[in-house]
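Residue numbers begin at 1 in each chain, while the letters A, B, ... track the order of the sequences.
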2 protein chains.
Amino acid sequence: MEKLSERLSPEHNKTECRRSVNAVRDALYVLGGKWKLPILVVLEYGPQRFTEVQRQIEGITPKLLSKELKELEMNGFVTRRVQPTTPVLIEYELTEYATSLQGIFAALRDWGIQHQARVRSL
Amino acid sequence: MEKLSERLSPEHNKTECRRSVNAVRDALYVLGGKWKLPILVVLEYGPQRFTEVQRQIEGITPKLLSKELKELEMNGFVTRRVQPTTPVLIEYELTEYATSLQGIFAALRDWGIQHQARVRSL
DNA sequence: CAGGATCCATTATGATACTG
DNA sequence: CAGTATCATAATGGATCCTG
């Protein structure tokens with residue numbers, strides 16, 4: 001891939017660089033932290049209950065899962081739906097807006113798989 | 001895009017889900033924290049000195065920058081090069097392996113830009 | 001099941017100042 | 001310039017118990 005630094009003036013280059021950094025930082029602002037991305041990836045596989053999500057993400061405690069889910073809900077990535085059955089069934093699901101994150105999920109997943117292979121080979 | 005949950009059995013689905021979560025988690029393990037990705041994005045624009053990097057990432061302190069750079073170096077993403085000029089010139093640059101992260105950078109940057117536009121429109 | 005409350009330990013991050 | 005040292009706070013984690 002062509003390096004940006006080879007085709008742009010130094011000044012333009014820095015401006016571009018900051019723009020990128022700010023975009024990435026804004027993305028990380030809402031997706032940052034240890035658990036948000038893993039939680040979203042789990043929910044990508046369909047609506048799931050609290051305990052289901054907890055089981056898929058080994059290591060997370062209910063306290064943290066609860067907190068992260070609330071933040072994701074506030075940021076419009078997740079919906080908490082209560083099914084009025086008996087007993088009540090509570091499911092978390094991705095919002096329409098969250099589907100815009102698929103590119104990020106895919107990139108992280110693909111790289112993670114490559115990286116796992118690399119680490120094993122060392 | 002087709003939903004994974006619509007074409008796979010529930011069991012296979014869960015296995016796949018965990019695989020994805022683990023891949024993402026392993027990626028986040030080396031890229032996690034508040035500053036690693038921003039630092040790598042800056043260095044994508046060419047080798048740069050400590051202070052240069054610091055200026056591009058507003059808010060980072062030298063302590064954190066130093067710590068993060070060391071970790072990135074240990075993980076094989078960054079090289080610290082000392083030019084034997086007078087005075088000495090120290091530059092940080094991405095390694096070959098770090099270029100495998102371009103997909104992640106691009107995904108985060110693109111989404112971040114979209115997200116900025118969305119936030120502004122609210 | 002779906003969490004909330006509490007208490008404590010460990011990290012992570014931050015502000016400021018300082019050095020070779 | 002390229003960091004280090006010191007001090008402080010915030011975020012996160014772990015254990016345990018509790019409730020509608």
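- In this structure, B:Leu64 atom CG and D:dA5 atom C1' are separated by 14 Å, rounded to whole Å.
- Considering only side-chain N and O atoms, B:Thr61 lies nowhere under 4.0 angstrom from the phosphate OP1 or OP2 of C:dA15.
- The shortest side-chain heavy-atom distance between B:Leu40 and B:Leu31 falls under the 4.5 Å cut-off.
- Each of B:Leu69, B:Thr99, B:Leu101, B:Leu94 was checked for a side chain to side chain contact (heavy atoms under 4.5 Å, CB included) with B:Phe77, and the lone residue meeting it is B:Leu101.
- Across C:dA2, C:dT13, D:dC1, the shortest atom-to-atom separation from the side chain of B:Lys34 is found for C:dT13.
- In this structure a side-chain-to-backbone donor-acceptor pair under 3.5 Å is missing from B:Arg18 to A:Glu58.
- Smallest separation of non-hydrogen atoms from B:Ala98 and B:Phe105: O-CE1, 4.4 Å.
- Residue B:Ile60 contributes atom CD1, which lies 16 Å from atom P of C:dT16 at whole-angstrom precision.
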Within the 4.0 Å limit for protein heavy atoms, which parts of nucleotides 3-10 of chain C are touched? Write it as a string from 5' to 3', B for base, S for sugar-phosphate only, - for none. SS-BB---

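- Between B:Glu58 atom CD and C:dT13 atom C1' the separation is 17 Å, expressed in whole Å.
- The side chain of B:Arg49 places an N or O atom within less than 4.0 Å of a non-bridging phosphate oxygen (OP1 or OP2) of D:dA2.
- When rounded to the nearest whole Å, the span between CG of A:Leu65 and P of D:dG14 equals 14 Å.
- One interatomic measurement links the two molecules: CD of B:Glu73 to C1' of D:dA2, which rounds to 14 Å at whole-angstrom precision.
- The distance from atom CZ of B:Arg55 to atom P of D:dG3 is 14 Å, rounded to the nearest whole Å.
- Put simply, OG1 on A:Thr79 and CD on A:Glu73 are 7.0 Å apart, with the number rounded to the nearest 0.5 Å.
- Within 4.0 Å (heavy atoms only), B:Gly33 reaches sugar-phosphate atoms of the nucleic acid but no base atom.
- Atom pair A:Leu28:CG and C:dT13:P shows a separation of 11 Å (rounding to whole Å applied).
- Residues B:Gln48 and B:Gln56 meet the side-chain proximity criterion, which asks for heavy atoms closer than 4.5 Å.
- One interatomic measurement links the two molecules: CD of B:Gln54 to P of C:dA15, which rounds to 12 Å at whole-angstrom precision.
- Side-chain proximity of A:Trp35 to D:dG13, C:dC1, C:dT13: nearest is D:dG13.
- The two atoms that bring B:Phe50 and B:Leu65 nearest to each other are O-CD2, 3.6 Å, heavy atoms only.
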